[in-house]
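The first residue in the sequence is number 1, and the count goes up from there.
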Amino acid sequence: QVQLVESGGGLVQAGGSLRLSCATSGLPFRDSVAGWFRQAPEKDREFVAAITRTGAYANYADFAKGRFAITRDNNNNTWYLQMNNLKPDDTAVYYCAARIGVQAMSKVPSYDYWGQGTQVTVSS
């Protein structure tokens, strides 16, 4: 059984930082692309970032470029999202997701497994 568990969310002031983690079990981790998505109230789930199996290539949404960084630890079956210079518009539930494949896709249906999400709230 595949499980993805996010942690690291919370309340932070604008300009602050958070580091999200996604711990996995039962996942063929080294065969999986790792991704992060987010969903704000009354909005669709949107792509944040994804990283390829070896970590050699990362794909970012425009709003994440220069502020967020996705990394992965293939020895510990975990990936991360470092978020800096957070803004109130970043407030959302953040989800980690995995897809068995090669490309760091940005579409929700491309992903096979999902975590339950962690809340990130950025105050102004």
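A pairwise comparison of heavy atoms in S124 and P88 identifies CB-CG, 3.9 Å as the closest pair. In this structure, A98 and L27 approach most closely via the heavy-atom pair CB-CD2, 3.9 Å. V48 and A64 get closest at one heavy-atom pair: O-CB, 3.8 Å. Of all the heavy atoms in R38 and D89, the pair that sits closest is NH2-O, 4.0 Å.
For the atom pair L20 CG and Y94 OH, the distance stands at 7.5 Å (nearest 0.5 Å). One distance of note links CG of N77 with OG of S25; it measures 9.0 Å at 0.5 Å rounding. Taking CG of N85 as the reference point, atom CZ of R67 lies at 6.0 Å (rounded to 0.5 Å).
Checked options F29, W79, Y80; the residue passing with D73 is Y80 (criterion: side-chain contact (heavy atoms from CB on, under 4.5 Å)).
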Ignoring hydrogens and angles, write down the donor-acceptor pairs under 3.5 Å from the side chains of residues 102-118, residues two or more places apart or on other chains.
from: Y111; atom 1: OH; to: M105; atom 2: O; distance (Å): 2.6
from: D112; atom 1: OD2; to: I100; atom 2: N; distance (Å): 2.8
from: T118; atom 1: OG1; to: G9; atom 2: N; distance (Å): 3.3

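A search for salt bridge (Lys or Arg N to Asp or Glu O under 4.0 Å) contacts involving R45 returns nothing, not counting sequence neighbours. Residues forming a salt bridge (Lys or Arg N to Asp or Glu O under 4.0 Å) with K43 (at least two apart in sequence, or on another chain): none. Take D44 and apply the salt bridge (Lys or Arg N to Asp or Glu O under 4.0 Å) test, not counting sequence neighbours, and it matches no residue.
When hydrophobic clusters are built by joining Ile, Leu, Val, Met, Phe, Trp and Tyr residues whose side-chain heavy atoms come closer than 4.5 Å, directly or via intermediates, W36 is grouped together with V2. The hydrophobic cluster containing L18 does not contain Y95, counting ILVMFWY residues as joined when their side-chain heavy atoms lie under 4.5 angstrom apart, directly or transitively. Residues F63 and V93 are members of separate hydrophobic clusters, defined by side-chain heavy-atom contacts under 4.5 angstrom among Ile, Leu, Val, Met, Phe, Trp and Tyr.
In this structure, the side chains of R99 and S32 stay at 4.5 Å or more apart for every pair of heavy atoms. Side-chain contact between L11 and V120 is absent, with no heavy-atom pair separated by less than 4.5 Å. By the 4.5 Å heavy-atom criterion applied to side chains, V33 and I51 are not counted as neighbours. Side-chain contact check for D31 versus R53: some heavy-atom pair is nearer than 4.5 Å. At least one side-chain heavy atom of Y60 sits less than 4.5 Å from a side-chain heavy atom of I70.
Evaluation of the disulfide bond (SG atoms under 2.5 Å apart) test over residues 55-124, restricted to residues two or more places apart or in two chains, returns C22-C96. Listed by first then second residue, pairs satisfying disulfide bond (SG atoms under 2.5 Å apart) with a partner in residues 38-71 number zero, not counting sequence neighbours.
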E46 vs Q39, side chain to side chain contact (heavy atoms under 4.5 Å, CB included): CA-CA, chis, key distance, verdict: CA-CA 6 Å; E46 64 176 349; Q39 188 165 17; over 6 Å; no

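Here D90 does not pair with K87 in a salt bridge; the nearest charged N to carboxylate O distance is not below 4.0 Å.
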